[in-house]
Asks: 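The structure under discussion is supplied below as structure tokens; questions concerning it will follow.
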Amino acid sequence: MSDPALHPCFLGPYAENDALLEQLVTEFLRDHVYWRRNIHPEDPPAIPTRARHRADFQAFEARLRRELHLLSAALKRSVPFHSQRYLGHMVSDLLIPGLVAQILTLPYNPNNVSEEAAPVTLDMEREAGMQLAAMLGYGVDARRLPCAFGHLTSGGTTANFQALRLALALKCYPLALRAARLDGIDLAGDDLDAFLMPVDRSIEVICAAQRLLSAMSPRERQQAGRRIEEARVEQMGLAAFLDAHPALSTPLVLAPATAHYSWSKGMKLLGLGRRQLVQLPEAGMRICAEAADELIDRLERERRPVLLAVGILGSTEFGTIDPIDRLCDARDRSAGRGFGFGVHVDAAWGGYLMSLLRDEQGGLRGIDAVGREFARFPRPEVYRAMSAVSRSDSVTIDPHKLGYLPYGAGAFLCRDRRPVELLAEAADYVFDEAGSGEPGSGYSAIGRYEIEGSNPGAMAAAVCVTHRVMPLDAAHFGRIQAATIRGAEAFRDLLADWVPRMAPRFRVVVPFEPDCNLLCIALNPVGNEDLAACNGFMRRLQARLAVDPAMPRPEQSFYGSSTTLRGDALGGEAMRALLQALGIAAPADGEELAALRLKVLRHTLMNPFLLDEVNGINYLARYLAYLEVLLPELLETHAGR
Ligand SMILES: *Cc1c(COP(=O)(O)O)cnc(C)c1O
């Protein structure tokens with residue numbers, strides 16, 4: 001059933017809600033005009049009424065109109081993300097609440113770098129952070145520890161950088177405290193013990209130091225503060241910091257092969273080096289918990305410092321969900337033995353799926369309640385992983401992905417706001433430990449902690465208003481997420497009939513079962529046993545499904561995307577079984593299998609109107625019917641050459 005709750009949310013594939021959008025945009029543009037006129041109504045118009053009769057005004061307007069027409073015409077070559085025929089990348093239609101809130105705010109142009117430049121939208125950014133934190137199950141009551149903290153970023157990439165930056169600051173700070181030799185801070189053990197300290201313990205140490213500093217006289221405090229500052233990695237640089245502490249080595253970041261390349265970027269940017277990005281072993285496109293435990297135990301035995309273990313909630317290419325619960329278990333186990341690292345959940349894609357796990361009171365819904373409206377979602381291990389996100393140390397979520405908002409909106413969240421002060425450019429040595437979040441307290445000035453400088457208050461308004469109109473629970477925002485999962489399940493069911501129908505000419509395999517709303521298909525022409533030829537065929541197929549920026553074809557029937565399956569992410573034996581099912585000769589050697597790359601179709605089933613019951617159209621069935629014609633055609637044109 002297409003969900004009537006979704007009908008007012010989007011402009012719509014046919015721009016069905018054009019009147020609503022137009023009314024709102026015009027109404028609030030007018031409102032902005034009145035606001036300008038009423039600030040000091042006694043000030044007369046500065047631009048004379050007759051200005052527009054001048055020739056140069058008219059020439060300007062003519063140039064402006066011409067350029068806008070050209071732009072508007074050129075934009076017709078855009079990819080129709082809003083269409084039910086678009087199954088490609090992680091983007092779809094935009095939510096009207098966010099779109100209108102952003103357009104409404106743009107002419108006010110608030111800058112969320114500081115309270116002074118954004119009296120309204122900075123509060124909204126704080127609120128958006130807390131709305132997202134509550135969806136994850138983080139504590140959001142400032143009177144209780146730990147209380148979460150969150151802010152918006154330009155996207156998931158920057159949010160992941162922020163996770164690295166915070167983890168590094170937190171890991172290195174106890175060493176600066178040791179070096180500063182404050183009386184009353186007792187850090188038993190050596191430098192390496194301090195560097196391996198569990199996250200929660202580091203936070204306690206930092207707070208103890210804050211208490212000590214705040215009890216000092218202003219002069220003493222300033223001197224001690226300076227000594228700490230001089231010994232911080234942020235002041236010394238990583239090279240000098242490690243030189244000063246020869247027992248330490250550059251900490252590792254553990255992430256699976258399915259991780260987004262922003263992690264590699266982040267390692268370069270922070271000077272940690274890509275070599276320190278260590279692959280967490282995978283099987284079936286998800287972190288293999290047992291093998292990850294083994295790796296972590298080995299690193300612990302070797303006393304190799306680890307900054308973060310990254311688990312993914314909805315991988316970019318495959319939508320797979322890592323066992324976050326098991327990563328948190330491993331962290332807690334190691335922490336009990338004094339070997340600390342944080343768990344970061346990269347939920348840039350899947351973060352908003354968490355709304356399905358929240359009831360309207362903010363409670364966690366049980367697996368049966370969540371699963372009631374789906375055929376298979378959530379598999380028990382997926383539910384366990386999602387309900388464990390509240391135990392992680394930090395999370396990345398992209399409102400510009402499954403939040404259906406315009407680009408430029410990511411978010412960084414952390415479970416405990418206390419260490420965030422370490423990110424401030426000018427450290428404040430006395431801060432409110434409870435972090436009340438009231439205006440005036442340290443945590444309210446979000447801009448002090450962000451990577452970005454100036455950043456759009458209009459985006460904060462868009463995110464916050466959207467979450468207010470559609471709260472992040474199963475009964476509201478979850479309706480959209482549910483539609484995407486029903487779409488994926490319907491697609492999976494259609495494939496059960498389609499695969500045997502294609503069998504005379506193509507072998508079709510679903511290489512791994514979907515965890516949420518992304519679904520991959522591997523296929524190979526019958527008779528072909530060569531992997532390179534199969535990949536070549538898939539590339540030609542992808543060329544037909546992708547948008548050609550040089551020559552877009554408005555008559556294009558469907559838009560898709562493709563990706564590459566890696567043997568080391570799928571697992572050697574699973575790769576062998578997959579190749580066999582496709583009829584491709586598989587190498588006997590395990591290492592060769594791990595190194596294999598297989599091109600597959602990747603479908604992002606994000607459009608909430610894929611199953612159009614109003615008109616009795618199933619766009620996914622139409623897509624498969626389209627492939628049924630396209631595939632043999634591609635094979636023949638190639639054979640004929
Ligand atoms: C998209 C994505 C990112 C990067 O986010 P941007 O908003 O593109 O910067 C990081 N991680 C995952 C899992 C993603 O899906």
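In listed order, ligands and their atoms are each counted from 1. Sequential numbering from 1 along the given sequence is applied to the chain's residues.
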Asks: Going by the angle between their ring planes, with limits at 30° and 60°, are Tyr623 and Phe491 parallel, tilted or perpendicular?
Replies: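 Aromatic pair Tyr623/Phe491 classed tilted.
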Asks: Provide the number and element of each atom of ligand 1 under 4.0 Å from a heavy atom of Trp349.
Replies: 15 (O)
Asks: Do any N/O atoms on Met90 end up under 3.5 angstrom from N/O atoms on ligand 1?
Replies: no
Asks: Would you mind listing which atoms of ligand 1 come within a distance below 4.0 Å of any non-hydrogen atom of Gly155?
Replies: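 Answer, ordered by atom number: 7 (O), 9 (O).
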Asks: Considering non-hydrogen atoms of the protein only, which is the closest contact for atom 4 (C) of ligand 1, and what is the distance?
Replies: His260 CE1, 3.2 Å
Asks: Fit a plane to each ring of His151 and Phe412, take the angle between them on a 0 to 90° scale, and name the class: parallel (under 30°), tilted (30 to 60°) or perpendicular (over 60°).
Replies: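 Ring orientation of His151 relative to Phe412: tilted.
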Asks: Quick test: of every protein heavy atom, which one is nearest to atom 6 (P) of ligand 1, and how far off is it to 0.1 Å?
Replies: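 Looking only at protein heavy atoms, the one closest to atom 6 (P) of ligand 1 is Gly156 N, 3.3 Å.
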Asks: Flag the pair Tyr138 / Leu132 as yes when at least one side-chain heavy-atom distance between them is below 4.5 Å, and no otherwise.
Replies: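 Side chain of Tyr138 against side chain of Leu132, heavy atoms only: no contact under 4.5 Å found.
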Asks: Out of Asp200, Asp325, Asp329, which residue meets the salt bridge (charged side-chain N to carboxylate O under 4.0 Å, His left out) rule with Arg391?
Replies: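 Single salt bridge (charged side-chain N to carboxylate O under 4.0 Å, His left out) partner of Arg391 among Asp200, Asp325, Asp329: Asp329.
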Asks: Answer yes or no for Ser262: is there a heavy-atom contact with ligand 1 below 4.0 Å?
Replies: yes
Asks: Is Asp393 reaching over with its side chain to a backbone N or O of Gly342, donor-acceptor style, under 3.5 angstrom?
Replies: no
Asks: Suppose I only count heavy atoms of Asn160 and a 4.0 Å limit; which atoms of ligand 1 are within that range?
Replies: 10 (C), 11 (N)
Asks: Considering only non-hydrogen protein atoms, determine which one is nearest to atom 13 (C) of ligand 1 and report residue, atom name and distance to 0.1 Å.
Replies: Thr316 OG1, 3.3 Å
Asks: Does ligand 1 come near enough to Lys401 that some N or O of the ligand is less than 3.5 Å from an N or O of the residue?
Replies: yes
Asks: Taking only heavy atoms of Asp346, which atoms of ligand 1 are found under 4.0 Å from at least one of them?
Replies: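 Under 4.0 Å from Asp346, ligand 1 has these atoms: 10 (C), 11 (N), 12 (C), 13 (C).
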Asks: What part of Thr157 sits under 4.0 Å from ligand 1 if we count only heavy atoms: the side chain, the backbone, both or neither?
Replies: both
Asks: For Arg365 and Leu356, indicate whether the former's side chain and the latter's backbone hold a donor-acceptor pair under 3.5 Å.
Replies: yes
Asks: Can you label the angle between the Tyr86 ring and the Tyr559 ring as parallel, tilted or perpendicular, going by 30° and 60°?
Replies: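 Tyr86 vs Tyr559 ring planes: tilted.
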Asks: Applying the side-chain contact (heavy atoms from CB on, under 4.5 Å) test to Asp515, which of Ile485, Ile321, Asp322 qualifies?
Replies: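 Single side-chain contact (heavy atoms from CB on, under 4.5 Å) partner of Asp515 among Ile485, Ile321, Asp322: Ile321.
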